[in-house]
A.B. asks: 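Questions regarding the structure given below will be posed in turn.
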Amino acid sequence: SSADSVTVHFINRDGERLTTTAKEGESLLEVVVNQNLAIDGFGACEGTLACSTCHLIFEKDAFQKLDAISDEEMDMLDLAYGLTETSRLGCQVRIKKLMDGLTVQVPVEVSDIRSQLEVGKQS
Ligand code: FES
(Lines give C-alpha, C1' and ligand atoms only; values in the text may rest on other atoms or scores of the structure.)
Protein backbone atom coordinates (compact mmCIF):
# COMPACT_ATOMS: atom_id res chain seq x y z
CA SER A 1 0.00 0.00 0.00
CA SER A 2 1.24 3.47 -0.82
CA ALA A 3 2.06 6.12 1.76
CA ASP A 4 -1.17 8.06 1.33
CA SER A 5 -3.53 5.10 1.45
CA VAL A 6 -5.60 4.38 4.53
CA THR A 7 -7.06 0.96 5.35
CA VAL A 8 -10.77 0.96 6.18
CA HIS A 9 -12.96 -1.96 7.21
CA PHE A 10 -16.71 -1.97 6.63
CA ILE A 11 -18.82 -4.51 8.50
CA ASN A 12 -21.60 -5.12 6.01
CA ARG A 13 -25.29 -5.58 6.81
CA ASP A 14 -24.86 -9.37 6.84
CA GLY A 15 -21.87 -9.18 9.18
CA GLU A 16 -19.26 -9.74 6.48
CA ARG A 17 -16.10 -7.64 6.81
CA LEU A 18 -15.07 -5.72 3.70
CA THR A 19 -11.50 -4.45 3.91
CA THR A 20 -10.45 -1.75 1.50
CA THR A 21 -8.04 1.10 0.98
CA ALA A 22 -9.02 4.74 0.81
CA LYS A 23 -7.28 7.98 -0.01
CA GLU A 24 -7.08 10.96 2.27
CA GLY A 25 -9.88 13.42 1.46
CA GLU A 26 -12.31 10.86 0.03
CA SER A 27 -15.65 10.62 1.78
CA LEU A 28 -16.67 7.19 3.08
CA LEU A 29 -19.38 7.18 0.41
CA GLU A 30 -16.74 7.77 -2.26
CA VAL A 31 -14.72 4.88 -0.83
CA VAL A 32 -17.72 2.55 -1.17
CA VAL A 33 -18.41 3.73 -4.73
CA ASN A 34 -14.81 3.91 -5.94
CA GLN A 35 -13.91 0.51 -4.49
CA ASN A 36 -17.15 -1.03 -5.69
CA LEU A 37 -18.09 -2.38 -2.28
CA ALA A 38 -21.28 -4.44 -2.35
CA ILE A 39 -23.26 -2.64 0.34
CA ASP A 40 -26.97 -2.89 -0.34
CA GLY A 41 -28.79 0.41 -0.85
CA PHE A 42 -25.85 2.54 0.27
CA GLY A 43 -25.58 6.17 -0.80
CA ALA A 44 -28.86 6.42 -2.70
CA CYS A 45 -28.75 10.21 -3.02
CA GLU A 46 -25.10 10.25 -4.11
CA GLY A 47 -23.94 12.38 -1.22
CA THR A 48 -26.43 15.23 -1.50
CA LEU A 49 -27.66 14.84 2.10
CA ALA A 50 -31.11 13.74 0.99
CA CYS A 51 -31.43 10.08 1.99
CA SER A 52 -29.59 8.83 5.13
CA THR A 53 -28.81 5.49 3.43
CA CYS A 54 -25.10 6.17 4.00
CA HIS A 55 -25.62 5.85 7.78
CA LEU A 56 -22.53 4.32 9.41
CA ILE A 57 -21.80 3.45 13.03
CA PHE A 58 -18.33 4.26 14.35
CA GLU A 59 -16.34 2.94 17.26
CA LYS A 60 -16.33 5.44 20.10
CA ASP A 61 -12.65 6.43 19.85
CA ALA A 62 -12.84 7.01 16.12
CA PHE A 63 -16.14 8.85 16.43
CA GLN A 64 -14.67 11.37 18.85
CA LYS A 65 -11.91 12.25 16.38
CA LEU A 66 -14.29 13.09 13.53
CA ASP A 67 -14.90 16.66 12.44
CA ALA A 68 -17.92 18.37 13.95
CA ILE A 69 -21.28 17.49 12.46
CA SER A 70 -23.18 20.11 10.44
CA ASP A 71 -26.80 21.00 11.15
CA GLU A 72 -27.75 19.61 7.73
CA GLU A 73 -26.12 16.27 8.47
CA MET A 74 -27.71 16.16 11.92
CA ASP A 75 -31.19 16.75 10.46
CA MET A 76 -30.81 13.95 7.92
CA LEU A 77 -29.14 11.59 10.39
CA ASP A 78 -32.13 11.96 12.70
CA LEU A 79 -34.19 10.15 10.05
CA ALA A 80 -31.89 7.11 9.85
CA TYR A 81 -33.09 3.78 11.24
CA GLY A 82 -31.15 2.36 14.14
CA LEU A 83 -29.49 5.64 15.06
CA THR A 84 -26.74 5.31 17.69
CA GLU A 85 -24.64 7.77 19.70
CA THR A 86 -21.75 7.14 17.32
CA SER A 87 -23.65 7.39 14.05
CA ARG A 88 -22.67 9.63 11.14
CA LEU A 89 -23.52 9.90 7.48
CA GLY A 90 -20.78 8.35 5.36
CA CYS A 91 -21.06 10.93 2.60
CA GLN A 92 -20.11 13.66 5.08
CA VAL A 93 -17.09 12.00 6.71
CA ARG A 94 -13.76 12.46 4.95
CA ILE A 95 -10.85 10.09 5.25
CA LYS A 96 -7.84 11.28 7.20
CA LYS A 97 -4.49 9.62 7.66
CA LEU A 98 -5.19 9.10 11.36
CA MET A 99 -8.16 6.91 10.45
CA ASP A 100 -5.89 4.12 9.24
CA GLY A 101 -7.39 0.83 10.42
CA LEU A 102 -10.85 2.35 10.94
CA THR A 103 -13.77 -0.07 11.28
CA VAL A 104 -17.28 1.16 10.55
CA GLN A 105 -20.49 -0.82 10.91
CA VAL A 106 -23.14 -0.61 8.21
CA PRO A 107 -26.50 -0.75 10.04
CA VAL A 108 -28.65 -3.80 9.40
CA GLU A 109 -31.63 -1.66 8.52
CA VAL A 110 -31.64 1.03 5.90
CA SER A 111 -34.16 3.76 5.25
CA ASP A 112 -34.29 5.89 2.19
CA ILE A 113 -36.10 9.01 3.35
CA ARG A 114 -37.04 9.75 -0.24
CA SER A 115 -39.17 6.60 -0.52
CA GLN A 116 -40.83 7.44 2.79
CA LEU A 117 -41.69 10.86 1.43
CA GLU A 118 -43.14 9.21 -1.68
CA VAL A 119 -45.34 7.00 0.49
CA GLY A 120 -46.38 10.05 2.50
CA LYS A 121 -47.51 11.87 -0.62
CA GLN A 122 -49.79 9.04 -1.64
CA SER A 123 -51.68 8.79 1.64
FE1 FES B 1 -27.57 10.32 0.89
FE2 FES B 1 -25.32 10.49 2.36
S3 FES B 1 -25.62 9.48 0.49
S4 FES B 1 -27.26 11.39 2.76
Side-chain angles (χ1 to χ4, degrees):
S1 62
S2 70
D4 63 347
S5 80
V6 175
T7 299
V8 182
H9 310 277
F10 291 83
I11 309 296
N12 208 346
R13 303 196 200 285
D14 60 0
E16 189 195 351
R17 175 191 292 258
L18 306 170
T19 296
T20 189
T21 54
K23 286 193 204 72
E24 218 172 344
E26 277 185 310
S27 70
L28 284 165
L29 171 64
E30 287 168 334
V31 175
V32 170
V33 172
N34 294 344
Q35 303 293 329
N36 242 324
L37 301 183
I39 302 177
D40 211 32
F42 196 84
C45 80
E46 299 176 337
T48 56
L49 268 182
C51 73
S52 85
T53 64
C54 62
H55 174 203
L56 290 171
I57 300 166
F58 290 75
E59 289 168 340
K60 206 169 178 189
D61 287 356
F63 181 82
Q64 287 167 345
K65 290 177 190 149
L66 300 178
D67 288 338
I69 187 165
S70 68
D71 290 346
E72 291 78 9
E73 181 184 348
M74 188 79 86
D75 287 348
M76 191 49 59
L77 191 57
D78 272 343
L79 303 171
Y81 280 141
L83 195 61
T84 75
E85 283 182 357
T86 60
S87 290
R88 290 289 299 261
L89 292 178
C91 67
Q92 302 301 306
V93 174
R94 298 210 169 267
I95 295 291
K96 290 182 185 168
K97 193 73 199 161
L98 60 79
M99 291 179 185
D100 196 31
L102 178 74
T103 297
V104 288
Q105 169 83 48
V106 186
V108 174
E109 288 186 284
V110 63
S111 67
D112 185 342
I113 184 62
R114 297 172 310 167
S115 57
Q116 291 178 16
L117 292 173
E118 286 301 312
V119 169
K121 269 183 227 155
Q122 284 157 17
S123 60

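This is a predicted model, so every value here is computed, not measured. Each ligand, and each atom within it, is numbered from 1 in the order the structure gives.
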A.B. asks: Quick test of your reading of the model: are K60 and E85 salt-bridged, counting only N-O distances below 4.0 Å?
C.D. replies: no

A.B. asks: What residues form a side-chain contact (heavy atoms from CB on, under 4.5 Å) with E73, not counting sequence neighbours?
C.D. replies: L49, I69, S70, R88, L89, Q92

A.B. asks: Same cluster or not: are I11 and V8 linked, directly or through other Ile, Leu, Val, Met, Phe, Trp or Tyr residues, by side-chain heavy atoms under 4.5 angstrom apart?
C.D. replies: no

A.B. asks: Got a sec, which residues hit side-chain contact (heavy atoms from CB on, under 4.5 Å) with E59, two or more places apart in sequence or on another chain?
C.D. replies: T103

A.B. asks: Is it possible for you to say whether M76 and L83 belong to one hydrophobic cluster, with membership spreading through side-chain heavy-atom contacts below 4.5 Å?
C.D. replies: yes

A.B. asks: Partners of R13 by side-chain contact (heavy atoms from CB on, under 4.5 Å), sequence neighbours excluded?
C.D. replies: I39, D40, F42, V106, P107, V110

A.B. asks: Take atom 2 (Fe) of ligand 1 and tell me which protein N, O or S atoms are nearer than 2.8 Å.
C.D. replies: C54 SG, C91 SG

